[in-house]
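Below: the structure, in structure tokens.
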Amino acid sequence: MKRSRKQSLISGILALSLIMAGTGYAYWTDTLSVTTKATTGDFGVAFVDLGLYAQYGNEFGSNGRGWSIIDGVGDSGYVDEGFFLRGASDYNAIAAPNTIQAYMDRVKGYNNVNFDAKLGDLEDYVQVGPYNPGNANASDEILLTINKMYPGYAQAFRSDIINVGDIAAKLSGIDFEVSALDGKELGNVKDMLGLAIFMHAEMRPGNPGDQDVFKLAANFNDDDIFTVGNVDFVRLSALEKADPAVLSAVLQNQEILCRPTENRMDIYLGVAMDPDAEGVYTTGTTANMKDNNDELSQEKGVQVVIDLLWDQFNVGKGIDAPANILQNQNN
């Protein structure tokens, strides 16, 4: 019996020693945790809904129907702005194919002009206002081509510019680059070809009407422009000398807000060749012929690159913001 009691006592002491060791070295603890999660947004704008001019009612002239192409054909010499119709719910076509064919039939035998407008490398984006990848392509590049132009010819195009990113964008500048196409000699074609550009913002929250953004011809002298169809076109020779700082300074209403707003910009672009009936660059008309060389403006090729330069909407903001209490952790 004694032997058994001794074994029990030893076991009890060992058990008690283990308990004492735990209470001697343990403390109550707790932890507060701050988890910070952040993602970065996407910045970008894109062209969408590219087409021939005046496929929407709000683009029609305020003084009656204006022109879409001036070609000298027929009694009027132009096709009005309602001629080219958009394809049924197809934002990717520059016009309904039957209306383009109707124009080609109209001018057959009078000229061999052909034209095209398309978006460059297409990009993915989510729905912006009425535009989604299912019915409208988007790109950061427009490719316009007009072949076989002649003095007095003018044509207009249009496109929307949308914000496909998560941050409002600000139009900060416009640059022009003029160069020869396919290595051809330019002759005097830079003086005879011209551009007209008008941009305005639409669907801006709190502003029911459109707001002007940029007017190209308004920034040039009379010697730098010629007029076709009551529209002033800036000669390419003047564009390549334009001061980018001057063009940037006249920009207004420059922001395109990001989703979920439908705010966007419209850009209208016209290309024309000086009629030059007075014979400044050509021999003019037979009624008043000049001793100029018409070959200087025939069979020439020119390329114009127009860069629209965008910043985040907040560029330059917040640099001098007053400090808050976090300044105390700086030093």
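Residues V228 and Y78 fail the side-chain proximity criterion, which asks for heavy atoms closer than 4.5 Å. Between L269 and V271 there is a side-chain heavy-atom pair separated by less than 4.5 Å. In this structure, D232 and F226 have side chains that are not in contact, with every pair of non-hydrogen atoms separated by 4.5 Å or more. Under the 4.5 Å side-chain criterion, counting only non-hydrogen atoms from C-beta, N163 is not in contact with R259. Contact check for E123 versus D140: side-chain heavy atoms found under the 4.5 Å cut-off. Contact annotation: the side chain of I225 never approaches that of F233 to less than 4.5 Å [non-hydrogen atoms, C-beta and beyond]. Within the 4.5 Å cutoff, side-chain heavy atoms of E202 are placed close to those of D266. Between Q327 and N330, the closest side-chain pair of non-hydrogen atoms falls below 4.5 Å.
Dense packing is recorded around NZ of K290, with more than 12 heavy atoms of other residues, nucleotides or ligands lying under 6.0 Å away. Applying the 6.0 Å contact sphere to CD of E295 captures no more than 12 heavy atoms from other residues, nucleotides or ligands.
For R158 (side chain) and A156 (main-chain N/O), no donor-acceptor pair under 3.5 Å exists by modelled atom type. Between the side chain of S68 and the backbone N or O of V79 there is no donor-acceptor pair closer than 3.5 Å. Distance alone, capped at 3.5 Å, places no donor-acceptor pair between the D224 side chain and the V234 backbone. At least one donor-acceptor pair under 3.5 Å links the side chain of N219 to the backbone N or O of K215. At distances below 3.5 Å, at least one donor-acceptor pair connects side-chain atoms of D166 with backbone N or O atoms of D42. A donor-acceptor distance shorter than 3.5 angstrom exists from the side chain of N328 to the backbone of I325, with no hydrogens or angles considered. At distances below 3.5 Å, not a single donor-acceptor pair connects side-chain atoms of K170 with backbone N or O atoms of V315. In terms of modelled atom types and a separation under 3.5 Å, the side chain of D80 and the main chain of F83 share a donor-acceptor contact.
Hydrophobic clustering, with ILVMFWY side chains joined whenever heavy atoms are under 4.5 angstrom apart, keeps L257 apart from V128. Linking Ile, Leu, Val, Met, Phe, Trp and Tyr residues whenever their side-chain heavy atoms come within less than 4.5 Å places Y110 and I100 in a single cluster. In the hydrophobic clustering of ILVMFWY residues, with side-chain heavy atoms under 4.5 Å counting as a link, L181 and M149 come out apart. Hydrophobic clustering (side-chain heavy atoms under 4.5 Å, transitive across Ile, Leu, Val, Met, Phe, Trp, Tyr) keeps V126 apart from V45. L309 and I162 fall into different hydrophobic clusters, where Ile, Leu, Val, Met, Phe, Trp and Tyr are joined by side-chain heavy atoms under 4.5 Å apart, directly or via other members.
Between atom NZ of residue K118 and atom CZ of residue F47 there is a gap of 15.5 Å, rounded to the nearest 0.5 Å. For the atom pair CD1 of I267 and CD1 of I306, the computed distance is 6.5 Å after rounding to the nearest 0.5 Å. Interatomic distance, CG of L308 versus CD1 of I197, reported as 7.5 Å (0.5 Å rounding). Separating the CG atom in D191 from the OH atom in Y281 is a distance of 4.5 Å, to the nearest 0.5 Å. Residue N92 holds its CG atom at 10.5 Å from CZ of R86, rounded to the nearest 0.5 Å. Once rounded to the nearest 0.5 Å, the distance linking CG of L171 with CD1 of I256 reads 7.5 Å.
Closest approach of M289 and T286 over heavy atoms only: CG-CA, 3.4 Å. Across all non-hydrogen atoms, the minimal contact from Y125 to A136 is OH-O, 2.6 Å. In this structure, V231 and A196 approach most closely via the heavy-atom pair CG1-CB, 3.8 Å. When every heavy atom of P151 is checked against every heavy atom of M192, the shortest pair comes out as CG-CE, 4.2 Å. The minimum heavy-atom distance between A242 and L247, with the atom names listed, is CB-CD1, 4.1 Å. Looking at every heavy atom in both residues, A96 comes nearest to T99 through O-OG1, 2.6 Å.
Ion pairing between a basic and an acidic side chain is recognised when a charged N comes within 4.0 Å of a carboxylate O; E185 and K300 show no such pairing. Comment: R106 engages D71 in a salt bridge, judged by a side-chain N to carboxylate O separation of less than 4.0 angstrom. With respect to the salt-bridge test (charged N to carboxylate O, under 4.0 angstrom), the residues D160 and R264 qualify. Remark: D274 engages R235 in a salt bridge, criterion side-chain N to carboxylate O under 4.0 Å.
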Show your reasoning for whether side chain to side chain contact (heavy atoms under 4.5 Å, CB included) applies to I142 and S159.
CA-CA 9 Å; I142 289 177; S159 179; 3.8 Å; yes
Dump the intermediate steps for side chain to side chain contact (heavy atoms under 4.5 Å, CB included) on V113 and N147, then the final yes or no.
CA-CA 6 Å; V113 173; N147 296 313; over 6 Å; no
Go through it in stages, so that I can follow the logic: the residues are D49 and Y131, the test is side chain to side chain contact (heavy atoms under 4.5 Å, CB included), and I'd like the CA-CA distance, side-chain angles, deciding distance and then a yes or no.
CA-CA 8 Å; D49 195 17; Y131 302 125; 3.0 Å; yes
Please walk me through it: do D307 and I174 pass side chain to side chain contact (heavy atoms under 4.5 Å, CB included)?
CA-CA 6 Å; D307 289 327; I174 301 179; over 6 Å; no
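Y153 and Q155 share a side-chain donor-acceptor pair at under 3.5 Å. Side-chain contact check for S172 and D311: at least one donor-acceptor pair (N or O, by modelled atom type) lies under 3.5 Å. Using modelled atom types and a 3.5 Å distance limit, the side chains of T282 and D276 yield a donor-acceptor pair. Using modelled atom types and a 3.5 Å distance limit, the side chains of N292 and T283 yield no donor-acceptor pair.
Y53 and F157 have their aromatic ring centers separated by at least 6.0 angstrom.
Ring geometry for Y268 against H200 counts as parallel: the plane angle stays under 30°, on a 0 to 90° scale with 60° as the upper cut. Using cut-offs of 30° and 60° for the angle between ring planes, the F115 and F84 rings count as perpendicular.
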